[in-house]
Structure formats: C-alpha cells, structure tokens
Amino acid sequence: MAHPQGKYADFEGLRERAVALRREGLSRRQIRDRLHVDNNDILNRLLEGEPPPEWTKRPNAKDDLRDRARELRLRGWTYDQIQVELGCSKSSISLWVRDLPKPERRTRTREEASAIARRGWEAKLRVREEERQQTMRQASQEMGTMTDRELFAAGVALYWAEGAKSKPYSRRERVTFVNSDPNVISVFLAWLKLLRVDPASLRFAVQIHETADVAGAEAFWAAHVGIGTSDLLKTTLKRHNPSTNRKNTDQSYRGCLRIDVRGGADLYRRIEGWWYGIVGAASAVDLANRT
C-alpha cells in the first residue's frame, strides 16, 4: 500500500500554501477543501505550529458556569440543585464553591425531591445528546471526500441491505428500493447516477399509512427527488390496524419512497454479482488477517 504522503509529493510547497491560507483566517475544513487534502494526519503536519483563527475558537464556557455556580451557592443552593441547574459534575461544583459557606440543611418535600430527580435526568439527557451530536460531527468530518469507488461499494451494500432481492423459489430480477430516510434515498440516487442509469427509467411511488398526511408526503418526496407530484405512481396505502401501537405518528412521518428501475434485470444481476464480489474480497481480507 502506498504511503499516505505519496500523493503529496511537493509537501513543502503544499505546507506553504496551507500556512498562508491559515494566516488568512481559514478553518481546517476550508483549507482541506481548498487544497484537496483528505488525510487528517497530513493536514495536521501541514498546519503544525499554526494557531487557529480567533473566529474558530469556542469561548470557555466553564468560566461562566463557575460564576453561576458560586452565585447559586451563595443563595443557599445545594450541590444537587446546582448540578441539576447547570448540568455539570459535583466534583467541579465542589472545586468552584468549597470556600463558600454551606447552606442550612432542610428536609425536602416529596414534590421537591421529585422535581430535582426529574431535572437531574433531563440534564443528563441534554449532556448525552450533546455528546452524541459531537461524536456524530467528528465522525462526519472523518469521512472526508468520498471517491467514486467508495460510493460504488457503499451503494452495492446499501441495495443488498434494503433493496428487493430475487429468491430461488421466486425468481424476480428487478431493481426496487424502498426506504423512509431521505438521506438514504439521496445516497441511492447518487449511486444510480454513478452507474449511469438513465433517469428516464426511474419510477417513484409513495407507501404510507392511510391515516397519515398522504398529500403532504407525496409533495415532500416529489420535491426531494426533483419531480412533480403528478409524476409519482399511484400511492400505496397501508390499512390502519387499531390494535397496532404505531410510534411514527408525528408530522415528520412521511411514509416510504419506492424507487423502481424499469428494465433493470441486467442491472440486478450485476448488483448481485458485485455483492458476492464484496463478500469474497472481505472474506479474503479476514483470512489474511488471521494468518
């Protein structure tokens, strides 16, 4: 395998350009996109010793939390109450307010204890959600630029996971893909475009519960794929079962979009072949790693 620096032969020249862009006030992402550097290790070396511009720096929120914690402690709040209010750890609160007088202890009412527990749980959920979003943002940046081959392999795996497949007892070699996630639909359409599938061969139809906003879902999906609602095939309505406790009943529910490729038998056979090619290649890698 080639060394990751192989595609950056003129490293010093590239570093001069990266440093110049950094001093102009560009962020790492802007520099990466401008110079087409998709390797984070290389980017780190290019920008080594160059501080980030001020506009990319986040303010130190802990200073504000510390001041607020001291203010609440002086008002007689307990560690538990401060933790619920600010969403920070008790160990941090202890460091910030240990020089302040302790408030008088009193017995909480059941309602107060319940409210503290509820707010504490809500604070934990907020922290978890922020951690979740931060992890997702970092992971998204790690993906960098996707090559055609990477999109090709991702599309094959995506279709084999979500698309219609022929069975030995029911031979139906057709390309049909159904999903409720607009992002998944976008990736699938990008994959079809990479394969040079004729857009005129694509047919779209909505599948949705009859009790949902059918017209709204049709308008949403048509706009998402860039067609008019009159270009959609007849919508498939799922009959309502009163005994079913459905969770997808809010305004974000838009059912699923089905995509059919007309005359797609040959494409289906290629997809099946590509998939088993991926399986064989992955098995070979696994075997090599074991030996």
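Only a predicted model underlies this, so the values are computations on that prediction, with no experimental measurement involved. Counting begins at 1 with the first residue of the sequence.
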Problem set entry | Residue pair Ile259, Arg203: steps toward the side-chain contact (heavy atoms from CB on, under 4.5 Å) verdict | CA-CA 6 Å; Ile259 304 175; Arg203 297 293 183 269; over 6 Å; no
Determine yes or no for a side-chain-to-main-chain donor-acceptor pair under 3.5 angstrom, with [X] supplying the side chain and [Y] the backbone.
X: Arg66; Y: Val97; answer: no
X: Ser186; Y: Pro182; answer: yes
X: Ser283; Y: Val279; answer: yes
X: Thr236; Y: Gln207; answer: no
X: Lys165; Y: Gly163; answer: yes
X: Gln138; Y: Thr135; answer: no
X: Tyr159; Y: Thr176; answer: yes
X: Gln30; Y: Ser27; answer: yes

So do [Y] and [X] actually touch side chain to side chain, heavy atoms under 4.5 Å?
X: Leu43; Y: Asn39; result: no
X: Thr145; Y: His36; result: no
X: Arg73; Y: Tyr79; result: yes
X: Phe188; Y: Glu162; result: no
X: Val206; Y: Leu233; result: no
X: Leu14; Y: Val37; result: yes
X: Ile31; Y: Leu47; result: yes

Exercise. Given Glu50, which of Arg23, Arg22, Arg15 fulfils the side chain to side chain donor-acceptor pair (under 3.5 Å) condition?
Worked result: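 Answer to the side chain to side chain donor-acceptor pair (under 3.5 Å) test with Glu50 among Arg23, Arg22, Arg15: Arg23.
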Exercise. Is it true that Arg126 and Glu130 make a salt bridge, defined as a side-chain N closer than 4.0 Å to a carboxylate O?
Worked result: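 A salt bridge is absent here (no side-chain N lies under 4.0 Å from a carboxylate O).
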Problem set entry | Short N-O contact, Arg68 and Asp64, less than 4.0 angstrom |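 Salt bridge flag = no for Asp64 with Arg68.
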Exercise. On the ring face of Phe11, is Arg45 found with NZ or CZ under 6.0 Å from the centre and within 45° of the axis?
Worked result: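 Yes; both conditions hold, so Arg45 lies above the ring face of Phe11.
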Problem set entry | Derivation of the side-chain contact (heavy atoms from CB on, under 4.5 Å) call for Arg28 and Asn44 | CA-CA 9 Å; Arg28 286 175 56 89; Asn44 290 337; 2.9 Å; yes
Problem set entry | Gap between atom CG of Leu192 and atom CG of Asp198 - 0.5 Å precision |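 Separation between the atoms: 11.0 Å.
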Exercise. From Ile208 CD1 over to Arg254 CZ, what is the distance, rounded to the nearest 0.5 angstrom?
Worked result: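 One gets 9.5 Å once the value is rounded to the nearest 0.5 Å.
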Exercise. Can you say whether the rings of Tyr276 and Trp160 are parallel (under 30°), tilted (30 to 60°) or perpendicular (over 60°)?
Worked result: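 Aromatic pair Tyr276/Trp160 classed perpendicular.
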For this session: Over 60° means perpendicular and under 30° means parallel, so classify the ring planes of His224 and Trp221, tilted if in between.
Result: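 Trp221 vs His224 ring planes: perpendicular.
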For this session: Compute whether any side-chain donor of one residue and acceptor of the other, for Glu129 and Gln133, lie under 3.5 angstrom apart.
Result: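 Checked: Glu129/Gln133 side chains pair up, N/O donor to acceptor below 3.5 Å.
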Exercise. Is the closest side-chain donor-acceptor distance between Ser92 and Ser89 under 3.5 Å?
Worked result: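 Per modelled atom types, Ser92 and Ser89 side chains form a pair under 3.5 Å.
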For this session: Check step by step if side-chain contact (heavy atoms from CB on, under 4.5 Å) holds for Lys193 and Leu189.
Result: CA-CA 6 Å; Lys193 184 176 181 180; Leu189 290 176; over 6 Å; no
Problem set entry | Phe152/Trp274 aromatic ring centres below 6.0 Å |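 They qualify: ring centres under 6.0 Å apart.
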